[in-house]
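Any value given below was found using the heavy atoms of this structure, including those in side chains, with hydrogens, waters and symmetry copies removed.
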Amino acid sequence: MMKIGVYSNVQKDPTGDVKKRVYAAAEENKIAAEDFKAGVHYDFIVSIGGDGTILRVAKSCALSETPILGVNRGTVGFLTEIEPDELSAAMKRFIARDYVLERRALIDAQIRGKHYYALNDAVVQRSGGGRMISMEVRVNGERIDKFACDGYIACTPTGSTAYSLSSGGSVIGPNTPVIALTPISPHTLHARPIVVGSFEKISMKLFGERADVYIDGEKTDELENGDTVEVTGWDRSVSFVRFNNKSFYSRLLSKLNSWSESEN
């Protein structure tokens, strides 16, 4: 029997109504379902929420090679695939194997020997209300630049539509084997986003003020003067369930434009 894990963001589904609909649709199609537990084998994970909710389970799913079906209850939902009223049809398509899997790469950010995996980005950012920080960025040991800024972003193609885009970075197709480097509010006229190969070794070294490290939006570490975040990627990936033929680019236009439109 097929078995799925259900991960629900209570802030996005406060009444639990969508979660109940997942369980009902699973039972209707004779699929075993339980609340998601890290380390347990599932055929699929059903994530209820938005892209942020998916980020919370992505690393676990990458390690276990478990595909994710995102049920959209968020704002933009680049990574989600269906709306709650499509759950019954989705379960039937699970049973019929009528879907495709879309792989998205993760990057590996290493800090003092500890590894953090990110589906979107690894960000070094000034702490609290502190002054600007000074960052030196190197690729394969060669210095790219050094300047004062509010922070620096290393992101996957998936993360290129998130914080990096807001900071002036380019949108990158999800199957492009690169890592994008984007400065945050650099205090210089010449700093520009840079795109490098996915297997190149990136180092982001902090000088002066303290800074925080965020992995997929969650604070995971702190840096002192002289500390370095080393980033490389594409040795791990996570899979997303797709039911339609909608391309990344059409999804990009529909999601970003509808989200940014003001109501009449």
Please name all residues satisfying side chain to side chain donor-acceptor pair (under 3.5 Å) with [X], sequence neighbours left out, ordered by chain then number.
X	result
D98	R93
H190	D145, T188
S8	none

Please verify the inter-ring angle class for F36 with Y7; under 30° counts as parallel, over 60° as perpendicular, anything in between as tilted.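 Ring orientation of F36 relative to Y7: perpendicular.
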[atom1] of [X] to [atom2] of [Y]: how many Å apart, nearest 0.5 Å?
X	Y	atom1	atom2	answer
T66	H41	OG1	NE2	6.5 Å
R143	R138	CZ	CZ	6.5 Å
L223	L206	CG	CG	5.5 Å
I107	S198	CD1	OG	11.0 Å
L106	L63	CG	CG	8.5 Å
L69	S239	CG	OG	12.5 Å

Those residues that, when tested against [X], pass salt bridge (Lys or Arg N to Asp or Glu O under 4.0 Å) (two or more places apart):
X	value
D35	K19
E102	R104, R242
E209	R131

Which heavy atom of [X] sits nearest to which heavy atom of [Y], and what is that distance?
X	Y	value
M132	S185	SD-O, 4.3 Å
C149	M135	SG-CG, 3.6 Å
G217	D121	N-OD1, 4.3 Å
A90	F243	CB-CE1, 3.6 Å
Y42	G5	CD2-N, 3.3 Å
G173	P157	O-CB, 3.3 Å

Within the 4.5 Å heavy-atom criterion, are [X] and [Y] side-chain neighbours or not?
X	Y	answer
I48	T53	no
S134	K146	yes
F94	M91	yes
K92	E28	yes
L181	V139	yes
E218	R56	yes
I68	F240	yes
I184	V123	yes

Distance-only, no hydrogens or angles: does the [X] side chain make a donor-acceptor pair with backbone N or O of [Y] under 3.5 Å?
X	Y	result
T156	L119	yes
N72	E83	no
D51	F78	yes
T161	T158	yes
D17	D13	no

Can you tell me if T232 and D108 form a side-chain donor-acceptor pair at under 3.5 Å?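 Judged by distance alone, the side chains do not pair up.
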Check: F44 ring centroid to Y99 ring centroid under 6.0 Å: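 Ring-ring flag for F44/Y99: true, centres closer than 6.0 Å.
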Test side chain to side chain contact (heavy atoms under 4.5 Å, CB included) applied to [X] - qualifying residues, sequence neighbours left out:
X	value
E224	R210, D227
D221	I111, R112, Y116, V213
E27	none
A24	none

Under 4.0 Å between a side-chain nitrogen and a carboxylate oxygen: does that hold for R126 and D150?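 Salt bridge between R126 and D150, a charged N being under 4.0 Å from a carboxylate O: yes.
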Treating Ile, Leu, Val, Met, Phe, Trp and Tyr as nodes and any side-chain heavy-atom pair under 4.5 angstrom as an edge, say whether [X] and [Y] lie in one connected cluster.
X	Y	result
V71	L101	yes
I95	Y23	yes
M204	I153	no
V46	I54	no
I179	I215	yes

Counting heavy atoms not belonging to K37, are there more than 12 under 6.0 Å from its NZ?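 Yes, enclosed.
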Pairs touching residues 58-77 that satisfy salt bridge (charged side-chain N to carboxylate O under 4.0 Å, His left out), sequence neighbours left out: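 Qualifying pairs, neighbours excluded: K59-D216.
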Evaluation steps, side chain to side chain contact (heavy atoms under 4.5 Å, CB included), between V195 and T176: CA-CA 11 Å; V195 177; T176 311; over 6 Å; no
Distance-only donor-acceptor hits, side chain of residues 162-172, under 3.5 Å, sequence neighbours excluded:
from, atom 1, to, atom 2, distance (Å)
Y163, OH, Q125, NE2, 2.7
S164, OG, T182, OG1, 2.8
S167, OG, Y163, O, 3.2

Taking it one step at a time, do K219 and D212 satisfy side chain to side chain contact (heavy atoms under 4.5 Å, CB included)? CA-CA 7 Å; K219 181 179 174 181; D212 297 323; 3.4 Å; yes
Assess whether side chain to side chain contact (heavy atoms under 4.5 Å, CB included) is satisfied between V196 and I144, documenting all intermediate values. CA-CA 11 Å; V196 303; I144 298 299; 5.9 Å; no
Within 45° of the axis and under 6.0 Å from the centre of the six-membered ring of Y117, does NZ or CZ of R236 qualify?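 So R236 does make the cation-pi contact.
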